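What's counted below: heavy atoms across the whole structure, side chains too, no hydrogens, waters or symmetry copies. Worth saying up front: this structure is predicted, and the values here are computed from it rather than measured. We name chains A, B, ... by the order of the sequence lines, and we start the count at 1 in each one.
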Amino acid sequence: MTVAMIKTKAEQGLAADFAAWARDLPGSAAIGKLREEAMAAFERSGLPHRRIEAWKYTDLRAAVKAFAPIATTDDVEVSTAELDAALGRLATIDADRMVFVNGRHRPNLSTAKPQVHLFTLGEVLQTGGSLAGLSDSEAMVALNGALASDGAVIDIHDGTTLAKPILIVMVAAGPMAQLNSLRHVIKLGAGATATVIEAHVVLAGAQASQSNAVLEVAVADAASLTHIMVSLEGSAATRIETVVATLGAGANLKSFQLTVGCGLARNQTFARFAGEKGKLDISGLMLGRGREHIDTTLVIDHAVPGCESRELFKAVLDDAARAVFQGKVIVRPNAQKTDGKQMAKALMLSEACEFDSKPELEIYADDVVCGHGATVAEIDPGMMFYLRSRGIPKDEARAMLIESFAGEALEKIEDAAIRDVLSEIVRNWLVAGHG
Amino acid sequence: MLEIKDLHARIADGGAEILKGITLTVPKGEVHAIMGPNGSGKSTLAYVIAGRADYEVTSGDILWNGASLLGSSPDERAAAGVFLAFQYPMEIPGVSTMTFLRTSVNATRKKRGQKEYSTPEFMKVARAAAAHLDVKDDMLRRALNVGFSGGEKKRMEVLQMALLEPTLCVLDETDSGLDIDAIRIVSEGANKLRGPDKAMLVITHYQRLLNYITPDKVHVLAHGRIQKTGGKELALDLEKTGYAEFSGKAA
């Protein structure tokens, strides 16, 4: 039974402002119509709340008191130096950049001549292009469809291998809090290979940001995509990101999601195998302290036979931080020879932190290998003693063991240069905790 | 000089007493062996010297060069020259052996007021020491002790011992699980570290290791106390008679 719920203040504000906001959003009247439908879909369900099983641990209805306005003007000055400072070590990665500030593309901060032409969603919509599935049954995807202001549209042709990664940077800047709704599309043609890095950053001095991003990924037959997401937004930010991925036959998708502290983060991935012999690895690391809340939710749909999925998520939690891991694996009746493995591990550094792990296996085929596991641990006193007996002081030994715990997840990143950058980001987070 | 004076220790938080009044002196330049049956308190003694928090000293003292070790943390003891070669070295996944060694050596050098090594300097020092112990470059790149064989782990312990330049070495069952070739390599490594300023305590269940590391004295530990002390020939006697003589409850 669906209980009609009274609209929250945040929902009421959104409904009141939508019409005015929509006038400033890109796209034809037809796109405007799709936006209205998406908004209507969002209003029917409202903000997800704890009585919806998939949102049991992350109650947006309770957490989001108000939505900030969407950015209608694009007048916040941002220099490359400020951007690089916010990116930190990520700025050292040799990549083609596509930068979005407060939900809008900034050509002056982006690579002028990238290795392949990179479209923006704004361009695509303004030139009459449409996007299938702009509205969706997922409330937050519907809301993104209603408000999507821009995004990266990356279309890699059949057989093309990108020489270097594409770095999509989402920046919150300026003195006003804003709600950013970016929607990116990555399409890899048959046999194509690419690495795409997404970075969420907040400029120094910027207000608490709200972000509700969507990334659509389509990896065609025998194509291979490495996707890296890094969130460096800090404890004042609220971010929802939904990745919707489809894999063709023999396609390979490796995704790594690093959330370095966030007031409230929900990284949700819906991945579906559409062709046989696909391979998917979604792994990541959630680092939280203070009262931060980081939720990773996965739904892996083995719709066809012979595919392999791997998930390894780790959380390092201090103070009263909380991490959530929900991993659902569906194996459809004909998806024989499915091989799915899932693992979630948390390292608890305080008494008050919390880790909620909820694996769900829905298996309808009989010839499959599927497994899941979860562990929660504290710093191992035996390992601590071993390191300290070798002259390593307590804080340093502790940091080494936390790094060692995180290292198992980071090892999933195959590119050594990118792995080193992310390892250093993790190390800096650890050091900051002792500052 | 290592002086252990009427040392009593129990498992922390009011657990069973394991060391029941150990008195022992190892002058500088000497190697003493501690032998004894399983459960006699040999490993506990090693851990208590190194400062493991799982045990608490209820009375007595441990002095190294005249200063008590008891108030110091394990890392402070390491800086003071104490080194424990573990019976079961810990596996630390995700930390490369080379990084661990450099962190360990530099932290210790810093506390001793010595100059820290730069990374290239340290790599040179570590590789040279590793070569003597048949520790390959590949092992230095791997995560510390992860997937190492028993022999590799013990060689790694001796390598750490060589690099940290301790003055008091405690070898806890360093021979356990090793074949003769591995024992020979490990013992040669340990013998190189003998010196007029150094003291060594070799803990072992079997006499075998003492064929390679010749002790100045042998102590028999049973029921938490030293039951007998003699020269190196005592180890050979024990090999013949076993520990039956000490198996009864001590008076």
Side-chain angles (χ1 to χ4, degrees), chain A residues 256 258 283-285 287 312-316 343 345-347 349 373 375 377-414 416 419-420 422-431 434, chain B residues 12 46-55 69 72-97 99-112 114 116 143-146 153 156-157 159-161 163-166 170 172:
Chain A
F256 190 87
L258 171 63
S283 298
L285 198 50
L287 309 176
L312 170 66
F313 273 83
K314 290 195 151 191
V316 180
M343 180 57 79
K345 295 181 179 178
L347 181 64
L349 303 177
T375 64
E378 295 170 18
I379 296 263
D380 183 299
M383 289 189 190
M384 265 307 268
F385 173 64
Y386 187 65
L387 295 180
R388 294 188 71 192
S389 78
R390 298 307 184 241
I392 301 172
K394 189 178 178 183
D395 283 354
E396 215 172 334
R398 189 177 135 102
M400 263 185 137
L401 291 178
I402 300 171
E403 265 189 77
S404 129
F405 174 83
E408 188 197 355
L410 289 164
E411 275 164 25
K412 290 279 197 165
I413 304 169
E414 282 169 0
R419 187 174 59 238
D420 286 350
L422 267 61
S423 300
E424 199 168 325
I425 290 170
V426 171
R427 200 170 306 131
N428 290 341
W429 180 84
L430 288 174
V431 171
H434 288 289
Chain B
Y47 283 140
V48 169
I49 294 171
R52 188 168 184 140
D54 305 48
Y55 303 96
L69 292 176
S72 307
S73 67
D75 41 305
E76 288 164 345
R77 294 184 199 201
V82 178
F83 184 92
L84 166 63
F86 280 55
Q87 180 177 6
Y88 302 109
M90 301 296 295
E91 297 188 3
I92 317 272
V95 175
S96 90
T97 301
T99 304
F100 158 77
L101 291 174
R102 196 181 67 238
T103 309
S104 154
V105 169
N106 275 342
T108 306
R109 288 178 71 87
K110 195 172 159 186
K111 274 206 198 113
R112 289 177 186 163
Q114 295 165 309
E116 290 175 58
L144 180 60
N145 290 328
V146 177
K153 282 181 183 168
M156 187 53 67
E157 291 294 289
L159 173 60
Q160 292 168 33
M161 189 158 82
L163 289 170
L164 285 168
E165 300 176 335
V170 181
D172 186 10

* **Part of L410(A) lying under 4.5 Å from any heavy atom of chain B** => neither
Considering only heavy atoms, which portion of [X] lies under 4.5 Å from any heavy atom of chain A: side chain, backbone, both, or neither?
X: P166(B); value: neither
X: A79(B); value: neither
X: L144(B); value: side chain

Can you measure from [atom1] ([X]) to [atom2] ([Y]) and round to the nearest 0.5 angstrom?
X: L347(A); Y: F405(A); atom1: CG; atom2: CZ; result: 5.0 Å
X: I92(B); Y: L401(A); atom1: CD1; atom2: CG; result: 5.5 Å
X: M400(A); Y: L387(A); atom1: CE; atom2: CG; result: 6.0 Å
X: L422(A); Y: I425(A); atom1: CG; atom2: CD1; result: 5.0 Å

For a quick test of reading the model, state the closest non-hydrogen atom pair linking [X] to [Y] and the distance between them.
X: A409(A); Y: G284(A); answer: CB-O, 3.8 Å
X: A399(A); Y: L430(A); answer: O-CD1, 3.7 Å
X: A46(B); Y: L84(B); answer: CB-CD1, 3.7 Å
X: A50(B); Y: V82(B); answer: CA-CG1, 4.5 Å

* chain B contacts, top residue of P393(A), A406(A), G407(A) (heavy-atom pairs, under 4.5 Å) -> P393(A)
Output all donor-acceptor pairs under 3.5 Å across chain A and chain B; consider backbone as well as side chains.
| residue | atom | partner | partner atom | Å |
| --- | --- | --- | --- | --- |
| Y386(A) | OH | N145(B) | ND2 | 3.4 |
| Y386(A) | OH | E157(B) | OE2 | 2.4 |
| Y386(A) | OH | Q160(B) | NE2 | 3.3 |
| R388(A) | O | D75(B) | N | 3.2 |
| R388(A) | NE | D75(B) | OD1 | 2.9 |
| R388(A) | NH2 | D75(B) | OD1 | 2.8 |
| R390(A) | O | S104(B) | OG | 2.8 |
| R390(A) | NE | Q160(B) | OE1 | 2.5 |
| R390(A) | NH1 | L84(B) | O | 2.7 |
| R390(A) | NH2 | L84(B) | O | 2.9 |
| R390(A) | NH2 | E157(B) | OE1 | 2.5 |
| S404(A) | OG | P93(B) | O | 2.6 |

* Of the listed residues (A78(B), A53(B), A80(B)), which shares the most heavy-atom pairs with chain A below a 4.5 Å separation? -> A78(B)
* **Choice from P74(B), A107(B), P89(B) maximising heavy atom contacts with chain A below 4.5 Å** => P74(B)
* What residues, two or more places apart in sequence or in another chain, satisfy ring pair (Phe, Tyr, Trp, His ring centres under 6.0 Å) together with F256(A)? -> none
